[in-house]
Every structure is written in C-alpha cells, then in structure tokens.
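We count residues from 1, following the sequence as given.
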Amino acid sequence: MAEEDNTETIRPEFPIGRVKKIMKLDKDINKITSEAMFLVATSTELFLRLLAESSAKVAIEKKRKTIKLEHMRIAVKRHQPMSDFLLDSLPLSTQPVDRPATERTRSNPAPEKPLPAGTRRIDDFFRKPPSEDPVEINVS
C-alpha cells in the first residue's frame, strides 16, 4: 500500500515581501533566505495571535467589549516571556480602564498657564470680539 501524502502548505498571513522590507531596515542584515522570512512571518503571526487572545481574555474579565491598551499591558504582564521584552515598549495608559467615560471627564477645565509676551491663544482668533459701540461711517 502506498502512503498518502498529507502535507499541507502553510502560508503566513503577512505578506512575505513586506516582511522582507521590514527586516532589511536593520543595517546588520544583508541577505535573507526565504526560510528565514517564512519563519519570521509565521512567528510574528503566532505572537500577535497570542497577544490578541490574551488581551481579549483580560477585556472579557473586565466586562469590556473593546480591547484597550491597559488590557494589553495586563496580558503582557501575565506572560513572563512577553513581559521581559515588550512591557517597556508599550506606552503608559492615560485613563483608568474600570471607570466609565462620564467619570473620566473633568468638570472644571485645567487652569490656564500665562502666555508668553506677544502671543495669544488660538481660541481668541475664533472668538467674536466683545460687543462694542458700532462704528459710524460717514459717507460724504
């Protein structure tokens, strides 16, 4: 009996040409084999899938439907290998995740800083001038 060949072709989702361009941005890389490009594209795809799935779990735990930066930070902190290299690259979140949006808005504006001499705020440009007495023009 002949054995059937059950090999499937695995194709990464990322375009190989784009992966090659990104890899060539590194000055230390001169030539890239097709096997290396395939492995980088596939491993990037697997890494992003892991990051997205773990971030989605955190968002579900927080009873949210949208994944936010803070959910990603928590997911990265929970996975030690990811945390070692990625946590410092993620920007810090500016708003807490657990508070509704209405509580995050400020009721009073921040105090204005004094402007340097000779400058004015752009708001003044769009604001109507204060009511003044109308100027009369005599047509002679």
Side-chain angles (χ1 to χ4, degrees):
M1 293 184 140
E3 291 183 25
E4 293 182 23
D5 193 13
N6 288 335
T7 59
E8 293 182 26
T9 304
I10 299 172
R11 298 183 68 194
E13 294 290 323
F14 294 115
I16 297 294
R18 179 120 355 126
V19 171
K20 184 175 183 177
K21 284 181 184 178
I22 292 170
M23 289 176 70
K24 283 199 167 203
L25 290 175
D26 189 350
K27 295 175 184 169
D28 295 335
I29 297 176
N30 294 328
K31 293 183 180 181
I32 306 162
T33 64
S34 60
E35 291 88 7
M37 283 189 298
F38 174 79
L39 289 174
V40 169
T42 306
S43 60
T44 302
E45 182 181 334
L46 291 172
F47 170 74
L48 289 177
R49 184 175 295 147
L50 172 68
L51 180 60
E53 288 173 356
S54 57
S55 299
K57 286 179 186 175
V58 173
I60 291 169
E61 289 171 9
K62 301 282 185 181
K63 298 182 173 128
R64 301 288 187 222
K65 292 183 179 179
T66 304
I67 297 173
K68 297 188 177 183
L69 177 62
E70 189 60 31
H71 300 143
M72 291 180 68
R73 290 187 67 79
I74 292 169
V76 168
K77 285 179 184 177
R78 288 181 182 173
H79 191 258
Q80 186 62 39
M82 233 190 302
S83 178
D84 289 341
F85 81 95
L86 188 61
L87 194 57
D88 294 336
S89 300
L90 287 174
L92 296 174
S93 63
T94 57
Q95 297 175 343
V97 174
D98 296 329
R99 291 178 28 206
T102 55
E103 294 178 17
R104 286 187 291 229
T105 58
R106 291 187 273 186
S107 58
N108 55 354
E112 294 186 22
K113 296 178 183 176
L115 296 173
T119 60
R120 62 183 185 155
R121 294 185 51 88
I122 194 162
D123 299 348
D124 296 338
F125 179 79
F126 295 104
R127 194 172 293 146
K128 289 183 178 179
S131 60
E132 299 174 352
D133 294 332
V135 177
E136 292 183 28
I137 301 175
N138 293 332
V139 180
S140 308

Hphob cluster co-occupancy, [X] + [Y], side-chain heavy atoms under 4.5 angstrom:
{"X": "I32", "Y": "F14", "result": "yes"}
{"X": "L69", "Y": "F47", "result": "yes"}
{"X": "L48", "Y": "I22", "result": "no"}
{"X": "L46", "Y": "L39", "result": "no"}
{"X": "F85", "Y": "L87", "result": "yes"}

Using only atom types and a distance under 3.5 Å, with no angle test, would you say the side chain of E45 pairs donor to acceptor with the backbone of E13? yes

Working note: V40 + T44, criterion side chain to side chain contact (heavy atoms under 4.5 Å, CB included); need CA distance, chi angles, decisive distance, verdict. CA-CA 6 Å; V40 169; T44 302; 4.1 Å; yes

Can you measure from [atom1] ([X]) to [atom2] ([Y]) and round to the nearest 0.5 angstrom?
{"X": "K62", "Y": "K68", "atom1": "NZ", "atom2": "NZ", "result": "12.0 Å"}
{"X": "S54", "Y": "R78", "atom1": "OG", "atom2": "CZ", "result": "9.0 Å"}
{"X": "M72", "Y": "L51", "atom1": "CE", "atom2": "CG", "result": "4.0 Å"}
{"X": "H79", "Y": "L50", "atom1": "NE2", "atom2": "CG", "result": "5.0 Å"}
{"X": "K20", "Y": "T33", "atom1": "NZ", "atom2": "OG1", "result": "10.0 Å"}

Apply the test side chain to side chain contact (heavy atoms under 4.5 Å, CB included) to residues K24 and K21: give CA-CA distance (whole Å), side-chain angles for both, the deciding distance (0.1 Å), then the verdict. CA-CA 5 Å; K24 283 199 167 203; K21 284 181 184 178; 5.8 Å; no

Nearest heavy-atom pair of A59 and I67: which atoms, and what distance? CB-CG1, 4.1 Å

Give the C-alpha distance, both sets of side-chain angles, the deciding distance and a yes or no for side chain to side chain contact (heavy atoms under 4.5 Å, CB included) between E61 and I74. CA-CA 11 Å; E61 289 171 9; I74 292 169; 5.9 Å; no

Walk me through whether V76 and R73 qualify under side chain to side chain contact (heavy atoms under 4.5 Å, CB included). CA-CA 5 Å; V76 168; R73 290 187 67 79; 5.8 Å; no

